[in-house]
Amino acid sequence: MKLITAIIRPEQLAAVKEALFKVGVTGLTLTRVSGHGGEREVIEQYRGRQVRLEFHEKVQLSIAVSDPFVEVTIDAILSSARTGGVGDGKIFVQPLERVIRIRTGEADNDALTPVTPHSRQEVSV
Ligand SMILES: Nc1ncnc2c1ncn2[C@@H]1O[C@H](COP(=O)(O)OP(=O)(O)OP(=O)(O)O)[C@@H](O)[C@H]1O
Ligand SMILES: [Mg+2]
């Protein structure tokens with residue numbers, strides 16, 4: 001199991017959400033964040049140079065997936081989040097030790113069962 005953290009442009013969120021849904025990934029957490037990448041904004045001043053970090057609004061997606069879903073999730077994010085311009089974002093992949101679904105007590109892969117368009121869905125109202 002892996003925890004995939006993707007930092008993307010807010011403008012790409014709708015496309016990324018759709019791409020993830022298409023490959024069967026629907027369990028995710030979204031956080032609005034501010035961040036800075038590898039760029040350096042240098043301001044020339046009267047005496048010397050000063051480096052300033054400008055923070056940019058980004059969206060962070062946290063997605064826990066079972067091993068067979070790691071590459072499809074990464075590919076879905078890459079194809080939908082990329083504009084080709086600097087600031088497209090980054091994907092971090094970390095090992096995930098345990099996952100527990102609170103309702104049932106199911107653990108690990110059983111707790112991550114992605115809901116695909118072909119699988120049975122229970123609807124609660
Ligand atoms: N090393 C990092 N650690 C944590 N967060 C990062 C790191 N690099 C980038 N981020 C996050 O990702 C966001 C987007 O980064 P960005 O796409 O600008 O990365 P980059 O390395 O500068 O690549 P590019 O050259 O394509 O701009 C940042 O605003 C920040 O939130
Ligand atoms: Mg950058």
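Just follow the structure's listing: the first ligand is 1, and inside any ligand the first atom is 1. Throughout, residue positions are numbered sequentially from 1 according to the sequence presented.
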Between His36 and Phe55, what is the ring plane arrangement, given parallel below 30°, perpendicular above 60°, and tilted in between? perpendicular
Of all the N, O or S atoms in Glu39, the one nearest to the Mg ion (ligand 2) is OE1
For the CD atom on Glu106, are there more than 12 heavy atoms of other groups (residues, nucleotides or ligands in this structure) within a distance under 6.0 Å? yes
Counting only heavy atoms closer than 4.0 Å, does ligand 1 sit against the backbone of Asp88, its side chain, both, or neither? backbone
Of all protein heavy atoms, the one nearest atom 25 (O) of ligand 1 is Val86 CG1, 4.0 Å
Any side-chain heavy-atom pair of Val65 and Met1 under 4.5 Å: no
Are any of the N/O atoms on Glu39, whether in the backbone or the side chain, positioned under 3.5 angstrom from an N/O atom of ligand 1? yes
Short N or O distance, Gly89 and ligand 1, threshold 3.5 Å exclusive: yes
Considering non-hydrogen atoms of the protein only, which is the closest contact for atom 4 (C) of ligand 1, and what is the distance? Phe92 CZ, 3.7 Å
Salt bridge Arg9-Asp88, side-chain N to carboxylate O under 4.0 Å: yes
Assess whether side-chain contact (heavy atoms from CB on, under 4.5 Å) is satisfied between Ile4 and Ile77, documenting all intermediate values. CA-CA 10 Å; Ile4 299 175; Ile77 296 167; 4.3 Å; yes
Polar proximity ligand 1 side, Gly87 side, N/O cut 3.5 Å exclusive: yes
Part of Ile7 within contact of ligand 1 (heavy atoms, under 4.0 Å): side chain
What is the closest protein heavy atom to atom 1 (N) of ligand 1, and at what distance does it sit? Lys90 NZ, 4.2 Å
Any heavy atom of Gln60 under 4.0 Å from ligand 1? The part involved is neither
Quick one, Leu13 and Leu61 - any side-chain contact, counting heavy atoms below 4.5 Å? yes
Looking only at protein heavy atoms, identify the closest one to atom 10 (N) of ligand 1 and say how far it is in Å. His36 O, 3.8 Å
Short N/O distance, under 3.5 Å, between Lys58 and ligand 1? no
Structural part of Phe55 in contact with ligand 1, heavy atom criterion under 4.0 angstrom: neither
Before signing off on this row, confirm whether Ser34 and ligand 1 have an N or O atom pair separated by under 3.5 Å. no
Tell me which protein heavy atom sits closest to atom 15 (O) of ligand 1, plus the residue, atom name and distance to 0.1 Å. Gly37 CA, 3.9 Å
Give me the nearest non-hydrogen protein atom to atom 22 (O) of ligand 1 as residue plus atom name, then the distance to 0.1 Å. Gly38 N, 2.7 Å
Please confirm whether Gly35 comes within less than 3.5 Å of ligand 1 when only nitrogen or oxygen atoms on both sides are compared. yes
Could you check whether atom CZ of Arg82 has more than 12 heavy atoms from other residues, nucleotides or ligands sitting under 6.0 Å from it? no
In the single-linkage hydrophobic clustering (I, L, V, M, F, W, Y; side-chain heavy atoms under 4.5 Å), do Leu30 and Val23 co-cluster? yes
Look at the side-chain heavy atoms of Ile, Leu, Val, Met, Phe, Trp and Tyr, link any pair under 4.5 Å apart, and say whether Ile8 and Ile91 land in one connected group. yes
How about Leu28 and Leu20: do any of their side-chain heavy atoms sit closer than 4.5 Å? yes
The test is side-chain contact (heavy atoms from CB on, under 4.5 Å); show your working for Gln60 and Thr5 and say whether it passes. CA-CA 7 Å; Gln60 176 173 318; Thr5 304; 3.8 Å; yes
